[in-house]
Amino acid sequence: MRAKVTITTLREKVARGEKITMLTGYDYPLALAEEKAGVDIILVGDSLGMTVLGYESTLPVRMDTMIDHAQAVRRAAPTAYVIGDMPYLSYQVSVEQAVANAGRFMKEAGCDAVKLEGGRNVVDVVAALTKATIPVMGHIGLTPQSIAMLGGFKSQGRSLAAAETLIEDAKALEEAGAVAILLEAMPPEVARIITARANIPVIGIGAGPYVHGQLLIVHDMLGFFEAFTPKFVKKYADLNGAIRAALAEYIADVTSGAFPAAEHCYKMQPGEAEALLAKYNIG
Ligand code: KIV
């Protein structure tokens, strides 16, 4: 088993110029595959509201749901750096509530850090969590919990003014104590400037190549989530196609009687099955 990935491991990778790998993970089997593949960071993202629970946005996701999933991921992935994603309104109402909810990820699920969305508007929360020794990953750019404000799932930072806002937000998060920053859906040039000015690991999802590491939603890159695929996703598999083909074959086998075959059946002691059937006049 590899050594536990810590924030020091991630900083050392950045110092050596090695890229950090990050994927979302929501459940035991997929997180186990990610752990075995050697993914550095697993984000238990509130995107599970869409990819796993079928909501149209991440807004309905509850804190208790996140804890259940984070616990499953931690059980599967003892060495990955596991980050719990703070769901909508778990940190916006008050700093006290934010500390209590973030603390649940650490105490109940054994997470290594939490992630929350926002820039200068959340620096008080980032500072309070840092003071409470809860490491925070900031998240700016397309922040899915703000779709009502952003007008939908839209890329960000595409004007000079919007780019400057993101650059200042990133610095403010670092100054408030964030241990890492996630940049979502923005031009590579903006991400490049933020990364060049950062003293902490910067991960991108749809933010181009100039960041310290890459994140994808695991259900997107495996071809498992079909509702929509953002421009920045590379599909590495077609799980949905494979699953649908397997299901169709199962239905055909059951319908035709090809399944179950002899090798799928339990056996009695030699001769006993025949005797039992004869006693009940069957066969
Ligand atoms: O919830 C999540 O998976 C995320 C990503 C979209 C960055 O926050």
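Note that ligands are numbered from 1 as they come in the structure, with each ligand's atoms numbered from 1 the same way. Note that this is a predicted model, so its numbers are computed, not measured.
- Side-chain contact, Tyr26 with Ser47: a donor N or O sits under 3.5 Å from an acceptor N or O.
- Side chain to side chain, Thr143 and Glu184 fail the donor-acceptor criterion of an N or O pair below 3.5 Å.
- Applying the 6.0 Å contact sphere to CE of Met268 captures more than 12 heavy atoms from other residues, nucleotides or ligands.
- The nearest heavy-atom contact from the protein to atom 8 (O) of ligand 1 is Lys115 NZ, 2.9 Å.
- Within the structure, the closest approach of Leu48 to ligand 1 does not fall below 4.0 Å when heavy atoms are considered.
- The shortest N or O to N or O distance between Asp46 and ligand 1 is under 3.5 Å.
- Atoms of ligand 1 lying under 4.0 Å from at least one heavy atom of Gly45, given by number and element, are 1 (O), 2 (C), 3 (O).
- Among all protein heavy atoms, the one lying closest to atom 4 (C) of ligand 1 is Leu43 CD2, 3.8 Å.
- The contact set between ligand 1 and Thr24, taken as ligand atoms under 4.0 Å from a residue heavy atom, comprises 3 (O).
- Close approach of ligand 1 to His139 is summarised as follows: ligand atoms under 4.0 Å from at least one heavy atom of the residue are 7 (C), 8 (O).
- For the pair Thr130 (side chain) and Val126 (backbone), a donor-acceptor distance under 3.5 Å is present.
- Listed by number with element, the atoms of ligand 1 under 4.0 angstrom from any heavy atom of Ile217 are 3 (O), 6 (C).
- Using a cutoff of 4.0 Å between basic side-chain nitrogens and carboxylate oxygens, Arg74 and Asp112 are scored as salt-bridged.
- Here the shortest heavy-atom distance to atom 7 (C) of ligand 1, taken over Leu182, Leu216, Val61, Leu23, belongs to Leu182.
- Under a hydrophobic clustering in which Ile, Leu, Val, Met, Phe, Trp and Tyr are joined whenever their side-chain heavy atoms come within less than 4.5 Å, directly or via other members, Leu48 and Leu239 fall into the same cluster.
- Atoms of ligand 1 lying under 4.0 Å from any heavy atom of Leu215, numbered from 1 in the order shown and given with element: 7 (C).
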message = Please evaluate residues Ile42 and Leu23 with respect to the criterion side chain to side chain contact (heavy atoms under 4.5 Å, CB included), reporting the C-alpha separation (whole Å), side-chain torsions for both, the decisive distance (0.1 Å), and the verdict.
response = CA-CA 5 Å; Ile42 302 180; Leu23 283 173; 5.9 Å; no
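- For the residue pair Tyr91 and Gln145, a side-chain donor N or O sits within less than 3.5 Å of a side-chain acceptor on the partner.
- For ligand 1, the polar-atom distance check finds no N/O of Glu184 at less than 3.5 Å from any of the ligand's N/O atoms.
- In terms of polar-atom proximity, Ser47 is counted as a contact of ligand 1, with an N or O under 3.5 Å from an N or O of the ligand.
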